[in-house]
A.B. asks: 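Pasting in a structure now, in structure tokens, and then I'll have a few things to ask.
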Protein chains: 2
Amino acid sequence: MNIGNASDKSGLPAKTIRYYEDIGLLKPDRADNGYRDYSMSDVHKLRFLQRSRGLGFSVEECRQLLALYEDKSRASADVKSIAKSKLQEIERKIIELRELQHTLKHLVAHCHGDQRPDCPILESISGTAGSS
Amino acid sequence: MNIGNASDKSGLPAKTIRYYEDIGLLKPDRADNGYRDYSMSDVHKLRFLQRSRGLGFSVEECRQLLALYEDKSRASADVKSIAKSKLQEIERKIIELRELQHTLKHLVAHCHGDQRPDCPILESISGTAGSS
DNA sequence: GGTAATCTTTCCAGTAACTGGAAGGTCAAG
DNA sequence: CTTGACCTTCCAGTTACTGGAAAGATTACC
């Protein structure tokens, strides 16, 4: 499939997909006319990248995650140790998102925007009373 | 407190804190010697920024979140509608993180790195069999 | 078959969000 | 009163895109 189609299915702009190719993240086939030709597997990987980038992983981290995703020949211990450290990071991100969620819900529920100078939320936000 | 201290407490590099000041996200007091002087409230906000950035929100989105955080005078409906749309985004991110977590756990549990050409994970990854 | 619209290609420049480093001022310790 | 660890501003470089030009390919219509 052409890049426009892959873009629609992955949620990534065509520009970004070409950029990911430039930096060696994903190399699609080429059709006889020179057009890039994406397989469904490529599209899955693009969607995977779209998600991980949106969740705050850097491109280099995404490269690692993609390597895990694509793993076909690396040593088990190696793969597992990277996966485990990524899992810890994911766990942390989920917790932080829950705290942010809690804070915003609290705001929606309790702050009425009626010119009050101090909001009780300020106490609980930014992990001051929720983590570490 | 000085910027180095604020940096330690917020987890943001001093460089980044100065950059956030440049773009108008957070304006600390200045001591008589010209040094930036951060209050605990400033540090909370920096930590808040550190987290939201790490969770994949853009600086402009963080500006909105910070405005919610700081809200003291805006109309309730306005604040609530922004907060609600951010809550949806957070909900989505949590779901995506859970799926990523599930995928990686599956990888750690079932892929042994023993040269196998196709991993069963490929089916379930990237939301193909888990969402939408 | 012609041609206009809509792809696609590469390349180069611009933006967003930092990041590093130079040149110099400030401060606490010995 | 100097040494070292801070801090300041400024300017240049990096990462991760993003927009736009110029040109080739494909499809859609007459």
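The sequence lines fix the lettering, A, B, ..., with proteins before strands; numbering per chain opens at 1. As a basis for the values below, the full set of heavy atoms in this structure was taken, side chains included, without hydrogen atoms, waters or symmetry mates.
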A.B. asks: Given C/dT19, D/dC17, C/dT9, identify the nucleotide with an atom nearest to the side chain of A/Thr16.
C.D. replies: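 Of the candidates, D/dC17 comes closest.
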A.B. asks: For B/Asp22 and C/dA17, give me the distance from atom CG to atom C1', rounded to whole Å.
C.D. replies: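 Atom-to-atom, B/Asp22 to C/dA17, this comes out as 12 Å.
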A.B. asks: Measure from CD on A/Glu60 to P on D/dT14 and round the result to the nearest Å.
C.D. replies: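 Roughly 15 Å, once rounded to whole Å.
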A.B. asks: Counting only side-chain N and O atoms of B/Arg36, is one of them less than 4.0 Å from OP1 or OP2 of D/dT8?
C.D. replies: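 Looking at the OP1 and OP2 atoms of D/dT8, one of them is under 4.0 Å from a side-chain N or O of B/Arg36.
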A.B. asks: Which heavy atom of B/Ile3 sits nearest to which heavy atom of B/Ala14, and what is that distance?
C.D. replies: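 For B/Ile3 versus B/Ala14, the nearest heavy atoms are CD1-O, 3.7 Å.
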A.B. asks: In this structure, how many angstroms lie between the P atom of D/dC6 and the CG atom of B/Asn5, rounded?
C.D. replies: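 About 11 Å, once rounded to whole Å.
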A.B. asks: Using a heavy-atom cut-off of 4.0 Å across all strands, would you classify A/Arg18 as base, sugar-phosphate, or nothing?
C.D. replies: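 Touches a base.
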A.B. asks: Please report, rounded to the nearest Å, how far the C1' atom of C/dT9 is from the OH atom of A/Tyr38.
C.D. replies: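 One finds 12 Å between C1' of C/dT9 and OH of A/Tyr38, rounded.
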A.B. asks: Within the side chain of B/Arg47, is there an N or O that forms a donor-acceptor pair under 3.5 Å with the backbone of B/Arg51?
C.D. replies: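 Side chain of B/Arg47 to backbone of B/Arg51, a donor-acceptor pair under 3.5 Å: no, none is there.
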A.B. asks: What closest approach, in Å, do A/Leu87 and B/Gln101 show between heavy atoms, and which atom pair accounts for it?
C.D. replies: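 What the structure gives for the nearest pair is CD2-O, 3.6 Å.
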A.B. asks: Strictly distance-based, threshold 3.5 Å: is any side-chain N or O of A/Gln64 a donor or acceptor partner for the main-chain N or O of A/Glu61?
C.D. replies: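 No.
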A.B. asks: Output the rounded distance in Å from CD1 (B/Ile23) to P (C/dA16).
C.D. replies: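 Interatomic distance, CD1 of B/Ile23 to P of C/dA16: 10 Å.
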A.B. asks: State which of C/dT9, D/dA16, D/dT9 makes the closest approach to the side chain of A/Arg30.
C.D. replies: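 Minimum distance to the A/Arg30 side chain belongs to C/dT9.
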A.B. asks: Tell me whether the guanidinium CZ or amine NZ of B/Lys27 lies under 6.0 angstrom from the six-membered ring centre of B/Tyr20 and within 45° of its axis.
C.D. replies: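 Output no; distance or angle outside limits.
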A.B. asks: For the helix from C/dG1-D/dC30 to C/dT15-D/dA16, measure the angle between the helix axis at one end and the axis at the other, each built from five pairs, rounding to 10°.
C.D. replies: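 The end axes of the helix from C/dG1-D/dC30 to C/dT15-D/dA16 are about 20° apart, to the nearest 10°.
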A.B. asks: Take atom CG of B/Asp32 and atom C1' of C/dT26, then tell me their distance rounded to the nearest Å.
C.D. replies: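 Rounded to the whole Å, the gap is 13 Å.
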A.B. asks: With respect to the side chain of B/Pro13, which nucleotide from C/dA17, C/dC11, C/dT19 is positioned closest?
C.D. replies: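 My answer, after comparing the listed nucleotides, is C/dT19.
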A.B. asks: Look at A/Arg63 together with A/Glu60 and state whether they make a salt bridge at an N to O cut-off of under 4.0 Å.
C.D. replies: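 A salt bridge is present here (some side-chain N lies under 4.0 Å from a carboxylate O).
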A.B. asks: Check for a donor-acceptor pair, side chain of A/Lys86 on one end and backbone N or O of B/Leu104 on the other, with a separation under 3.5 Å.
C.D. replies: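 It does not hold such a pair.
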A.B. asks: Determine: side-chain N/O of A/Tyr20 to OP1/OP2 of D/dC17, distance under 4.0 Å, yes or no.
C.D. replies: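 Looking at the OP1 and OP2 atoms of D/dC17, one of them is under 4.0 Å from a side-chain N or O of A/Tyr20.
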A.B. asks: To the nearest Å, give me how far apart CD1 (B/Ile17) and P (D/dT8) are.
C.D. replies: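 Checked: the CD1 to P distance equals 10 Å.
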A.B. asks: Just the rounded figure in Å: distance from P of C/dA17 to CD of B/Glu61.
C.D. replies: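 Answer to the nearest Å: 10 Å.
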A.B. asks: What closest approach, in Å, do B/Tyr38 and B/Leu26 show between heavy atoms, and which atom pair accounts for it?
C.D. replies: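 What the structure gives for the nearest pair is CE2-CD2, 4.2 Å.
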A.B. asks: Among the candidates D/dC17, C/dT19, C/dA17, find the nucleotide nearest to the side-chain atoms of B/Arg53.
C.D. replies: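 Among the listed nucleotides, the one closest to the side chain of B/Arg53 is C/dA17.
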A.B. asks: Using a 3.5 Å distance criterion without hydrogens, assess whether the side chain of A/Asp42 forms a donor-acceptor pair with backbone atoms of A/Pro28.
C.D. replies: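 No, the answer is negative, given that no donor and acceptor are paired below the 3.5 Å cut-off.
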A.B. asks: Taking side-chain hydrogen bond (donor to acceptor under 3.5 Å, both in side chains) as the test, write out the residues that go with A/Arg18, two or more places apart.
C.D. replies: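 For A/Arg18 there are no side-chain hydrogen bond (donor to acceptor under 3.5 Å, both in side chains) partners, ignoring immediate neighbours.
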A.B. asks: Just to be sure I understand the rule, does A/Ile3 reach a base, reach only the sugar-phosphate, or reach nothing, if contact means heavy atoms closer than 4.0 Å?
C.D. replies: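 The answer is sugar-phosphate, as A/Ile3 gets under 4.0 Å only of primed atoms, P, OP1 or OP2.
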A.B. asks: Relative to the 5' end of DNA chain D, which residue comes earlier, A/Val59 or B/Gly34, by the nucleotide with the nearest heavy atom?
C.D. replies: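 So the residue in question is B/Gly34.
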A.B. asks: Can you give me the N/O atom pairs linking the protein to nucleotides 24-27 of chain D at distances under 3.5 Å, or say none if there are none?
C.D. replies:
from   : atom 1 : to      : atom 2 : distance (Å)
D/dG24 : N2     : A/Tyr35 : OH     : 2.9
D/dA25 : O4'    : A/Tyr35 : OH     : 3.3
D/dT26 : OP1    : A/Asn33 : ND2    : 2.7

A.B. asks: From the set D/dC7, C/dT9, D/dC10, return the single nucleotide nearest to any side-chain atom of B/Lys15.
C.D. replies: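 In terms of side-chain proximity for B/Lys15, the closest of D/dC7, C/dT9, D/dC10 is D/dC10.
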